[in-house]
Structure formats: C-alpha cells, structure tokens
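The structure under discussion appears below in the form of structure tokens.
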Protein chains: 2
Amino acid sequence: MADSTAASEGLRTPYPAAEIAAAWQRERPGTPTESIEVVTPIWWLAKLFADDRSRVLREAGIDAATLDLLSVIRRSGPPYTLSTREIAQRTLVTAGAISQRVARAERDGLVRRTPGTTGRRTVEVSLTTDGHALIERSVDAVLGREAALVIDLTAHERNSLIKLLEKLMTGVRRRTGTSQP
Amino acid sequence: MADSTAASEGLRTPYPAAEIAAAWQRERPGTPTESIEVVTPIWWLAKLFADDRSRVLREAGIDAATLDLLSVIRRSGPPYTLSTREIAQRTLVTAGAISQRVARAERDGLVRRTPGTTGRRTVEVSLTTDGHALIERSVDAVLGREAALVIDLTAHERNSLIKLLEKLMTGVRRRTGTSQP
DNA sequence: ACTGCTACGTTTAGACCTAAACATATCTGG
DNA sequence: CCAGATATGTTTAGGTCTAAACGTAGCAGT
C-alpha cells in the first residue's frame, strides 16, 4: 500500500509524516512511531504559520516578538498596562526574553516602563500612542490572513479539530508538568 | 456563556485560545478571530513538544538540531549517506543552517563529509560509527517519550486528528506556496 | 529593627537560525 | 571551446531565544 503510485518524480507532497514513520519501521522494526503522524504535522503547521506571519509582519514594519508583546497588552484593555510578570505568564517565553522584548520596544518608542505602584517591586509596561497605533494597524492584517489560511476546513471540521487539539494539549500539559519549565 | 464559572482564582487552564479570541472581540468587536482557536493551540503544542524533546535530549547528550540531522540520514537506510541538498529538502531549515549543523556534527565526530562522486558538485554526508551509535541510542528514547505524551487520545480520535491536520496542512501549503520561502 | 527568604526583573554568555553575499563547479548553446 | 546561466555549498552579519548568574526590593519571624 506504500508502493502504489511510486514517486516517479520530485515530491508533490514533500515527505509526509506517514512516510517518516514507515521509513523508521523499515529500518528499525519496532521503533515506537505512533506519535509521528500527530507530532510532525503540528510542528510543520506551526512553522508554516510562523513563516507566513513573519512575511505579513515584515510588510507592516513589525516583527512577531513585538506583535506578541503589544497584542497581549492591547488585549488586556484599558489602561493598556501589564507588569512584566503578567506578560511572561501570558506568553510562552522566558522572563529574560520578555525583558529584552520590552527593551527593544521601548527603544522604538512603542511602550513605556514605569515603576509599579502596587506593592511588590514590579515594573508596569504600557502602550505609547505609537505602540497603540501600530498594533491597531497590524492585528487585522495578521488575523485576517490567518483566517484565510484555515478557510478550507468546514465549520464542523474546525470544531472537531479544536476539540481534539484541546484534549491533546490537556494531556500533554498534565504529563509534562503544566507550568513552563 | 463566557461568564459562567468566572475565574475566581489563578488560571487552571492558563489562557486558553478561546479567551484570547473573546478578549479581542471585547476590545475590538469585529476583529477576525476565527483562526485563533486553531492556530494558537498548534503553536503551543509545538512548543510543548519541542521543550519536552529538548529536555529528553539533554539527558542523552544530543541536541534537537543534531538529532534531526542524524535521523534523516539514518532513516534513509544504508549506506547512511545523503547529500547536503537532500538533507535540506527533507528538513524545514535553510541550506545555510544545514551547513552549520553538518559542520558542528563533523567537529563532534558524528558525520563525515566527502566530495560527491555522482555528477554535480555535491557533498555527501555520512554517519560515522559514533554518529550511528548515538542515533540508535536516542531515537527510541525520544519517540517513546512522545508516544507517551499522546496516549490520551483514543485510536479513533488520533485518526481523526491526523486526517484533519493533513487537510489543514494541504490547504495552508497551497495558499502559502508549497515550497519553503 | 535586624536577618534571612522569596519574588521579580535584568544582564550575560552561548547556541541556533535566517537572509544575503560569496565562491565554485557543471551544464548549455552558439 | 567559451560565456553565461544554473546548481550547490559555505560564510557572514544580525537577530532572538534560553539558561543561569545577578542584584535588589519587600516580607516574615523573632
């Protein structure tokens, strides 16, 4: 069943995950390949989305890391201010990376850092007028483009996929220890 | 339907994608958020898998980039040799990155570079004894761990997910231009 | 009020990647 | 046979991230 339609030429569907699993079974029978057809497409899709987003953002004059930072602040609503720690929790990167992102964005005049008034030794990061304008300008472009990329799924398929991803994520989280390492 | 079970405390399920979409709708009604619940979980899962894999590999004394390189050569079968170009095609990184990966692996004695005998100005990369031993030692650990991470899905759910991811990837590929930019 | 503990943010060193410039080697068509 | 086009790999410059070391700011207990 793998030999029909032998690849007479290049790779129309370049190296689908099933072929990787089959190759391992051929080379090392018994290799635990059950996960490959789930994990590999997820990685590839993540990269396809990330690369496409980079392209869209380059045209808008902003990069993905900055979009992520400005988005999370914008989304939190007025007064468009979050502490460094809150930002780190809502994002999948380390505190050090947030520090650097904020430093770059501040250098570019997109956010402002102010000593936190509330208790702890926090630092509040808030949007400047420029930062607010930039995120307003970018978010529709990025999300609109991504909506177009997933349009091939029917509403039903989309819902099934969302539910399955949710269940998978719950399991993975539980087994890896839910907090970021 | 979003307000029931208000988050009285921290974030048991930290910032699920649905909340992000809801936040955008609250802040900017009309924002095209249809893709968020699909794209965001895919990114998060990719990162969860990548981080977990890094952890497993650190214990095995190898990094993800090297695993990727040795795997693709090992999987190709005897004589465990591929040209730089073939490796780049089977991997999602640029030719420059492959060049650097091969240089590092060669420095560590895991692969060997030889001028290609067949026609073009190719460079053949082949596994050394050490490289072969290292990949044999690592692959079961990595794939076994990943199989354990996806075990919560039933066979039926797993198949549905695979099919949906395949369909999504096909569409995204077509709309972004199938070859890597 | 001291002393030690914990929370929080920043800095630094190192790894890896991409994009673009290079450097060659191989073909192609007069 | 030669000139340009094409295919391959490598190098370089710049950017971002992580992990770990730091440096302090509040807090708790006595």
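Residue numbers start from 1 in every chain, and the chains themselves are labelled A, B, ... in the order their sequence lines are given, proteins ahead of strands.
For the pair Asp108(A) CG and dT16(D) C1', the computed distance is 14 Å after rounding to whole Å. Rounded to an integer number of Å, the gap from CZ of Arg53(A) to P of dT16(D) is 16 Å. Put simply, CD1 on Ile62(A) is 16 Å from P on dG15(D), counting in whole angstrom units. Nucleotide dA19(D) holds its P atom 6 Å from the CZ atom of Arg58(B), rounded to whole Å. The CG-P distance, from Asp51(A) to dT16(D), rounds to 16 Å in whole Å. In this structure, Trp43(A) atom CH2 and dC17(C) atom P are separated by 13 Å, rounded to whole Å. The CZ atom of Arg85(A) sits 19 Å away from the P atom of dA25(D) (whole-angstrom rounding). One interatomic measurement links the two molecules: CZ of Arg101(A) to P of dT11(C), which rounds to 17 Å at whole-angstrom precision.
Between dC8(C), dC17(C), dT10(D), one nucleotide has an atom nearer to the side chain of Ser99(B) than all others, and that is dT10(D). With distances taken from any side-chain atom of Gln100(B) to the nucleotides dT18(C), dC8(C), dG9(D), the minimum falls on dT18(C).
Ion pair Arg53(A)/Glu146(A) flagged as a salt bridge, since at least one NZ, NE, NH1 or NH2 atom sits closer than 4.0 Å to an Asp/Glu carboxylate oxygen. Between Arg28(A) and Glu136(B) there is a salt bridge, since a side-chain N of the basic residue sits under 4.0 Å from a carboxylate O of the acidic one. Between Glu27(A) and Arg74(B), at least one side-chain N (NZ, or NE/NH1/NH2) sits under 4.0 Å from a carboxylate O, which counts as a salt bridge. For the pair Arg145(A) and Asp52(A), the salt-bridge criterion is met [side-chain N within less than 4.0 Å of a carboxylate O]. A salt bridge is absent between Asp63(A) and Arg58(A); no separation between the charged side-chain nitrogens and carboxylate oxygens falls under 4.0 Å.
Contact annotation: Arg113(B) side-chain N/O to dG9(D) OP1/OP2 distance is not under 4.0 Å. Contact check, Thr94(B) against dC17(C): no side-chain N or O comes under 4.0 Å of OP1 or OP2. For dT16(D), the OP1/OP2 oxygens have a side-chain nitrogen or oxygen of Arg104(A) closer than 4.0 Å. OP1 or OP2 of dT18(D) sits under 4.0 Å from a side-chain N or O of Lys47(B).
Contacts of Ala97(A) with the nucleic acid, taken as non-hydrogen atoms under 4.0 Å apart, include base atoms. In this structure, Thr84(A) reaches the sugar-phosphate backbone alone: every heavy-atom distance under 4.0 Å involves primed, P, OP1 or OP2 atoms, never a base. When heavy atoms are screened at a 4.0 angstrom cut-off, Ala65(B) is found touching the sugar-phosphate backbone but no base atom.
Heavy-atom distances to DNA chain C give each of Ile98(A) and Gly96(B) a nearest nucleotide, and the one nearer the 5′ end belongs to Ile98(A).
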